[in-house]
Amino acid sequence: MATHKENHASPESKIKSSFKSIFYNAANIAVQGYNIKGEVVYWNSFSEKLFGFTEREVKGKTLKDFFTSESDENEFKKYLKNAIRQNKPSPKKEWAITTKKGEVLHVLCHIFPAVLTALPEEESIAIAMNFDITDSKNAKEKTKEIVRQMERFSEISADILSIKNEEELFDHVSQAVVDISDFGKVLISYFTDTPPYREIIGHKGIKKTDLERLKKAKMPREKYLKYFEKSVKIGSQSCYIPHSSKDILDKDAVVPGEKTYPKKEGRWNKEDNLLVVMKDTRGQIIGIISVNDSKSGLIPTEETVRPLEIFANLISEIIQRHKLSQIISKSEEKYRELVNNVKIGIFRATPGGKLLEVNPSVVEMFGYTRAKEFLKVKTAYLYENQDDNVKLMKELEENDLAKNKEFILKKKDGTSFWASLTSTAVRDNSGKIIYYDTVLEDISERKNLEEEVKRLLITDELTGVYNRRHFNQNLPQEIKTAERWRSALSLIMIDIDDFKEYNDKYLHLEGDEVLKQTAQVISNVIRKEMDWASRFGGDEFIIILPGLTTTQAAKVGERIIKLFQQIKFKPKDEIVQKTLSMGLAHCHYAEVRPKRGNKNKGTTTNYEKIATELTILADKALFKAKKAGRNQLIISKEAIELSRFTK
């Protein structure tokens with residue numbers, strides 16, 4: 001009887017008995033079996049955890065509702081059919097899937113045919129193995145977004161300084177809010193002392209009829225302060241008003257969003273509102289940025305409002321600067337009042353360097369506590385390089401205006417900072433400059449941001465060494481330098497032995513650890529000020545060693561091989577030691593003199609071509625090292641001669 005039951009067991013039960021011992025309790029791997037129709041016939045325990053559905057709920061059904069796009073679903077079905085009909089495994093593929101709770105996760109999926117001799121041919125199945133890579137995917141996307149925001153902030157800061165037209169300025173500012181935030185609709189209001197108590201200075205995505213209605217609504221600062229008291233506080237200067245609390249809002253002063261969203265927890269509603277305050281240097285609220293139409297469809301968090309808050313502070317400075325120029329044209333008294341409160345430094349000085357007038361911000365900017373003390377300083381001593389002061393005065397003599405000039409200035413304690421200066425000369429009846437006015441802004445933060453963006457653009461995110469872009473740009477320059485100084489240059493190409501097998505066996509996170517350790521060993525061995533390393537691609541690295549002969553460079557490579565081999569990696573509680581293979585190529589100076597009587601001194605050296613040839617030589621040597629058994633360094637028998645004249 002027992003034998004009879006076994007012979008007539010269902011295909012599904014055979015599948016489960018065949019695979020359960022192998023896959024059912026597999027940690028962190030969602031394993032599923034599918035028939036030719038794309039129906040689920042097997043569902044391990046981690047699949048239940050990842051997707052949120054039990055095996056009973058999905059068995060006999062397709063995964064139609066799991067995929068976020070129809071194209072992904074069709075591609076998945078195609079891979080299943082290829083696995084069953086053609087006995088062909090699929091390439092590794094990233095999918096975006098939706099769980100039972102409505103969460104969107106990212107998985108890395110590999111589909112392969114099952115070898116089940118116990119099943120009749122028509123019941124052949126495909127096995128899908130899914131790895132949750134959501135955290136890794138989100139981290140990468142977050143890094144990209146930070147870089148994008150930094151680049152955008154840098155561009156915006158530079159662009160805004162050059163815009164003079166009021167309408168164009170605030171249109172640019174409003175568009176920038178849309179670009180750097182999660183929202184497609186924006187309204188920027190600046191508070192005034194007279195009805196309707198606010199001036200709408202910028203907007204995007206708002207209809208003309210709605211805008212006219214908003215302009216008439218009386219919205220003093222106090223109303224917004226009450227909104228903040230009754231709403232959900234986010235970040236340091238923002239509040240979220242969910243649609244469930246919309247009754248606290250003045251209906252004439254808000255515009256609902258136009259996009260519709262799924263009615264789920266944590267999702268944005270078109271009647272939700274997010275407000276971000278703008279403050280002056282004294283901490284007083286001067287305006288509000290109101291946004292709607294979430295791009296992601298999610299309610300705001302401290303992380304998503306942070307770019308908005310940073311930009312709100314930037315806008316506050318712009319508004320104050322703009323209002324400053326308006327007030328100057330109206331009255332000197334109001335001008336002085338505002339000058340004393342803005343964060344931008346302002347001073348008046350003579351061509352001889354005597355300070356005549358200064359505002360509190362410029363006194364503080366240079367590290368002084370009293371204006372009287374600061375007025376005794378000669379303007380030349382405010383510059384780290386006093387020649388910059390000479391350049392500024394020369395431009396004023398020639399053009400009467402020096403606009404957005406960037407210099408490094410020096411504080412009282414000797415520390416330096418970057419500043420942007422715009423100076424205007426004032427002349428007497430004879431045409432002689434009697435004094436000049438300067439508006440001065442500390443741009444150190446922006447400069448640091450620009451430097452960080454530049455660093456990220458040439459740095460490999462995972463390992464911290466330079467990336468391929470930096471290698472391509474700088475190797476020709478290194479070769480040119482070697483030729484100029486009649487020196488030498490060695491290049492070592494490095495490959496991690498059997499890295500693909502290790503990566504496939506222990507997965508990407510463990511593979512990433514090997515890559516990071518490789519970069520660390522290289523960085524510890526090479527000279528800090530002269531040599532540099534670059535991740536060339538995948539598991540390949542390149543080291544540039546200026547001034548070293550092949551013998552000297554080989555010693556560097558051998559030391560790296562030795563130290564790396566000593567590292568004990570511990571993937572899945574195993575101890576694994578890895579090795580490196582290297583190929584070394586070399587170029588050196590060899591002076592070639594033109595023949596006597598030949599007036600042609602030769603053609604210009606093509607350094608990009610030499611860089612390519614040198615890399616190819618190292619690659620060939622690396623190939624020989626691999627072929628010879630790995631874990632060794634091979635020196636290219638060919639070398640490239642550099643000369644100031646070509647034959």
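When reading the values below, keep in mind they use all heavy atoms of this one structure, side chains included, and skip hydrogens, waters and symmetry mates. Each residue takes its place number in the sequence, starting with 1.
- Classified by interplanar angle (parallel below 30°, tilted 30° to 60°, perpendicular above 60°), the ring pair F536/F471 is perpendicular.
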Exercise. Could you go step by step and tell me if Y227 and Y224 meet the ring-ring contact (aromatic ring centres under 6.0 Å, His included) rule?
Worked result: CA-CA 5 Å; Y227 293 167; Y224 283 99; 5.6 Å; yes

For this session: For the pair V276 and V305, evaluate side chain to side chain contact (heavy atoms under 4.5 Å, CB included) and give the outcome as yes or no after the intermediate values.
Result: CA-CA 8 Å; V276 183; V305 301; 5.6 Å; no

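- Nearest heavy atom pair, residue A83 against residue P113, reads O-CB, 3.0 Å.
- The pair K215-E199 fails the salt-bridge criterion, with no side-chain N (NZ, NE, NH1 or NH2) lying under 4.0 Å from an Asp/Glu carboxylate O.
- We find that E451 and K454 are joined by a salt bridge, their nearest charged nitrogen and carboxylate oxygen being less than 4.0 Å apart.
- The one candidate from E302, R306, E309 that meets the side chain to side chain donor-acceptor pair (under 3.5 Å) condition with S238 is E309.
- In this structure, W95 and F67 have perpendicular ring planes: the angle between them is above 60°, well past the 30° mark.
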Problem set entry | Audit row: N313, S316, side chain to side chain donor-acceptor pair (under 3.5 Å) steps and yes/no | CA-CA 5 Å; N313 294 330; S316 300; 5.0 Å; no

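- Between atom CE of residue M278 and atom CD of residue Q237 there is a gap of 10.0 Å, rounded to the nearest 0.5 Å.
- Donor-acceptor pairing under 3.5 Å is lacking for the side chains of D293 and W268.
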Exercise. After noting the C-alpha distance and the side-chain angles of K185 and E258, does the key distance pass the salt bridge (charged side-chain N to carboxylate O under 4.0 Å, His left out) rule?
Worked result: CA-CA 9 Å; K185 183 176 288 190; E258 295 179 6; 3.8 Å; yes

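- Under a 3.5 Å cut-off, the side chain of S90 and the backbone N or O of I111 do form a donor-acceptor pair.
- We find that K59 and E39 are not joined by a salt bridge, their nearest charged nitrogen and carboxylate oxygen being 4.0 Å or further apart.
- In this structure, K230 places its NZ atom where only 12 or fewer heavy-atom neighbours from other residues, nucleotides or ligands lie under 6.0 Å away.
- Residues N28 and F131 approach most closely at O-CD2, 4.2 Å, considering heavy atoms.
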For this session: Check step by step if side chain to side chain contact (heavy atoms under 4.5 Å, CB included) holds for L108 and K93.
Result: CA-CA 6 Å; L108 184 66; K93 181 72 177 179; over 6 Å; no

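- A donor-acceptor pair shorter than 3.5 Å cannot be found between the side chains of N74 and S71.
- Looking at every heavy atom in both residues, A96 comes nearest to V104 through CB-CG1, 4.4 Å.
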For this session: Before giving the answer on side chain to side chain donor-acceptor pair (under 3.5 Å), spell out for D179 and Q175 the whole-Å C-alpha distance, their side-chain angles and the decisive distance to 0.1 Å.
Result: CA-CA 6 Å; D179 290 346; Q175 183 61 53; 3.0 Å; yes

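- Using a cutoff of 4.0 Å between basic side-chain nitrogens and carboxylate oxygens, D512 and K516 are not scored as salt-bridged.
- Taking a 6.0 Å sphere around CD of Q86, one finds it holds more than 12 heavy atoms contributed by other residues, nucleotides or ligands.
- Counted within 6.0 Å of OH on Y466, heavy atoms from surrounding residues, nucleotides or ligands total 12 or fewer; the atom is thus considered open.
- Proximity of a side-chain donor or acceptor of N467 to a complementary backbone N or O of H470 within less than 3.5 Å is detected.
- Side chain to side chain, N44 and Q32 fail the donor-acceptor criterion of an N or O pair below 3.5 Å.
- Using modelled atom types, one side-chain atom of W43 and one backbone atom of F53 make a donor-acceptor pair closer than 3.5 Å.
- Checked for salt-bridge contact, K77 and E73 meet the test: a charged N lies under 4.0 Å from a carboxylate O.
- The line from SG of C239 to CG of L274 is 7.0 Å long, rounded to the nearest 0.5 Å.
- At most 12 non-hydrogen atoms from other residues, nucleotides or ligands lie less than 6.0 angstrom from CG of L509.
- Nearest heavy-atom pair, K218 versus Y197, reported as atom, atom and distance to 0.1 Å: CB-CD1, 4.4 Å.
- For the pair I200/L214, a side-chain contact is recorded, criterion being any heavy-atom separation below 4.5 Å from C-beta on.
- S420 places no side-chain N or O within 3.5 Å of a backbone atom of E441 that could act as its donor or acceptor partner.
- Counting non-hydrogen atoms of neighbouring residues, nucleotides and ligands closer than 6.0 angstrom, the NZ atom of K447 exceeds 12 such neighbours.
- From Y502, atom OH reaches atom CG of L507 across 10.5 Å, with rounding to the nearest 0.5 Å.
- Taking the charged nitrogens against the carboxylate oxygens, E57 and K100 do have a contact shorter than 4.0 Å, which makes a salt bridge.
- A distance-only check finds no donor-acceptor pair linking the side chain of D442 to the backbone of A419 [under 3.5 Å].
- Only one option out of R198, K223, K216 pairs with D250 in a salt bridge (Lys or Arg N to Asp or Glu O under 4.0 Å); it is K223.
- Side-chain atoms of E103 and T98 form no donor-acceptor pair, as typed in the model, at a separation below 3.5 Å.
- Checking side-chain atoms of T192 against main-chain N and O of T194 turns up a donor-acceptor pair under 3.5 Å.
- With 3.5 Å as the limit, one finds no donor-acceptor pair spanning the side chains of N448 and E452.
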For this session: Start with the C-alpha gap between V186 and H203, add the side-chain angles, then the distance that decides, and say whether side chain to side chain contact (heavy atoms under 4.5 Å, CB included) holds.
Result: CA-CA 5 Å; V186 59; H203 57 88; 5.7 Å; no

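- Not a single side chain to side chain donor-acceptor pair (under 3.5 Å) links H106 to another residue, sequence neighbours left out.
- Counting all heavy atoms, side chain and backbone alike, G511 lies closest to N503 at CA-OD1, 3.3 Å.
- Contact check on K49 versus D132 returns no salt bridge, with no Lys/Arg side-chain nitrogen under 4.0 Å from an Asp/Glu carboxylate oxygen.
- Under the 3.5 Å distance criterion, the side-chain polar atoms of K204 are left unmatched by any main-chain donor or acceptor of V177.
- The residues E450 and R446 are annotated as salt-bridged, a charged nitrogen and a carboxylate oxygen being separated by less than 4.0 angstrom.
- Rounding to the nearest 0.5 Å places NZ of K270 at 12.5 Å from NZ of K259.
- Counting non-hydrogen atoms of other residues, nucleotides and ligands closer than 6.0 Å to CD of E406 gives a total above 12.
- Other residues, nucleotides and ligands place more than 12 heavy atoms under 6.0 Å from the NZ atom of K233.
- Counted by atom type alone, D72 and S69 present one or more donor-acceptor pairs between their side chains at under 3.5 Å.
- Summarising the local packing, CD of E70 is surrounded by 12 or fewer heavy atoms from other residues, nucleotides or ligands at distances under 6.0 Å.
- Taking CG of L225 as the start and CD1 of I288 as the end, the distance is 7.5 Å to the nearest 0.5 Å.
- Here the straight-line distance linking atom CG of N130 with atom CD1 of I97 works out to 7.5 Å at 0.5 Å rounding.
- Using a 4.0 Å cut-off between charged nitrogen and carboxylate oxygen, R213 and D210 count as a salt-bridge pair.
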Problem set entry | Y34 and V40: CA distance, side-chain angles, deciding distance, side chain to side chain contact (heavy atoms under 4.5 Å, CB included) verdict | CA-CA 5 Å; Y34 298 88; V40 176; 3.6 Å; yes

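- Between the side chains of Y240 and D272, at least one donor N or O lies within less than 3.5 Å of an accepting N or O.
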